[in-house]
Amino acid sequence: MRVIVVKDQDALGKASADLVESVMKTKAHFALGLATGTTPIPLYKELIRRNKEEELDFSTTITFNLDEYVGLEPTHDQSYRYFMNAQLFDHININKKCTHVPNGIAQDIEVECLAYEEMMEDVGGVDLQVLGIGSNGHIGFNEPGTSLASRTHMTDLTESTIKDNSRLFDKIDDVPTKAVTMGIGTVLDAENVVLLANGANKAAAVKAAIEGPVSALCPASSLQLHPSTTFVVTEDCASELTVLTEKM
Ligand code: F6R
């Protein structure tokens with residue numbers, strides 16, 4: 001596991017874009033796993049900049065998002081499909097048909113989950129998965145206690161996640177209580193994983209993920225078992241780490 005400590009959000013965007021670009025350049029058809037939330041926004045800004053100014057080419061990239069709320073239309077401004085279009089897809093030369101976000105309004109969510117797994121398998125798996133981390137250690141919507149072997153599934157959001165995410169909704173009662181998410185086992189199948197974390201409120205979760213025991217109580221700790229994982233964390237977020245880290 002590599003841990004890169006960066007000064008601020010701009011540096012986080014650049015360091016993670018470098019990691020994405022380095023894998024992308026080795027693949028004729030790049031399968032990129034994506035996350036929503038505030039943390040990856042600097043990465044998406046930097047990818048857009050490289051697409052416009054440095055001709056970083058997304059025409060053969062296929063994407064798979066980690067998760068989506070159950071019950072929100074893709075046009076809802078808090079749906080993850082809406083977020084991805086607004087933050088990335090609308091600004092780069094990607095074929096929208098090659099961008100995948102789980103369908104949270106599917107009639108049969110179980111069928112949707114199986115189909116999502118199959119789509120990833122059909123392209124030979126995800127080459128690089130981008131992750132954020134919840135203050136409770138969740139990855140995707142895999143909340144503490146989720147099986148480390150889990151696959152794409154529907155799940156209940158914990159109270160802490162509903163509270164964290166309520167900042168983006170008018171009121172807490174508007175936050176959906178269920179989501180479809182890739183499982184931890186699904187995430188671990190990606191060839192490379194890059195976890196981004198920013199802010200002092202994530203310091204304890206990052207310490208538990210990197211230096212704590214591997215445990216379903218901290219889903220991100222499962223990444224200790226992954227052969228190619230890089231954490232890119234801001235200085236304030238790395239404040240509780242005691243192991244050797246790379247500074248950039
Ligand atoms: C979103 C996702 C979540 C977030 C996490 C951190 O697709 O998978 O696990 O990465 O909740 O969210 P932010 O970045 O908003 O702090």
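Both ligands and their constituent atoms are indexed starting at 1 by order of listing.
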Quiz item: In terms of the angle between their ring planes, are Tyr116 and Phe64 parallel, tilted or perpendicular, with boundaries placed at 30° and 60°?
Solution: perpendicular

Quiz item: Less than 3.5 Å between some nitrogen or oxygen of Tyr80 and one of ligand 1, yes or no?
Solution: no

Exercise. Classify the side-chain pair Glu143/Thr155 by whether it contains a donor and acceptor separated by less than 3.5 Å.
Key: no

Quiz prompt | For atom 5 (C) of ligand 1, the protein heavy atom that lies nearest, with its residue and separation | solution = His138 NE2, 3.4 Å

Quiz item: At a non-hydrogen distance cut-off of under 4.0 Å, which region of Thr39 contacts ligand 1 (side chain, backbone, both, or neither)?
Solution: both

Exercise. For ligand 1, indicate whether the residue Arg167 contacts it via side chain, backbone, both or neither (heavy-atom separation under 4.0 Å).
Key: side chain

Self-check item: Any N/O pair Phe141/ligand 1 closer than 3.5 Å
Solution: no

Quiz item: Are Leu56 and Leu43 connected in the hydrophobic side-chain network, where two residues link if heavy atoms are under 4.5 Å apart?
Solution: yes

Exercise. With heavy atoms under 4.0 Å as the rule, classify the contact between Ile133 and ligand 1 as side chain, backbone, both or neither.
Key: backbone

Self-check item: Interfacing atoms of ligand 1 (cut-off 4.0 Å, heavy-atom, Asp67)
Solution: 1 (C), 2 (C), 7 (O), 8 (O)

Quiz item: Just checking, is any N or O donor in the side chain of Asn192 or Ser228 under 3.5 Å from an acceptor N or O on the other one?
Solution: yes

Quiz prompt | Reported CD1-to-CD distance for the pair Ile105 and Glu112, which is rounded to 0.5 angstrom | solution = 10.0 Å

Quiz item: Residues two or more places apart in sequence or in another chain: which of them pass salt bridge (Lys or Arg N to Asp or Glu O under 4.0 Å) with Glu55?
Solution: none

Practice problem: Do me a favour and list the nearest non-hydrogen protein atom to atom 9 (O) of ligand 1 with residue, atom name and distance? | Solution: Gly140 O, 2.7 Å

Self-check item: Heteroatom proximity flag, Thr36 to ligand 1, N/O under 3.5 Å
Solution: yes

Exercise. Considering the heavy atoms of Gly132, write down every atom of ligand 1 situated less than 4.0 Å from one of them.
Key: 10 (O)

Quiz item: Hydrophobic cluster mates of Val180, side-chain heavy atoms under 4.5 angstrom, ILVMFWY only, any path?
Solution: Val70, Ile109, Met154

Quiz prompt | Lys202 neighbourhood, listing ligand 1 atoms whose heavy-atom distance to it stays under 4.0 Å | solution = 6 (C), 13 (P), 16 (O)

Quiz item: How long is the gap from CE on Met182 to OG1 on Thr152, to the nearest 0.5 Å?
Solution: 6.5 Å

Quiz item: Backbone, side chain, both or neither: what part of Leu66 comes under 4.0 angstrom of ligand 1, heavy atoms only?
Solution: side chain

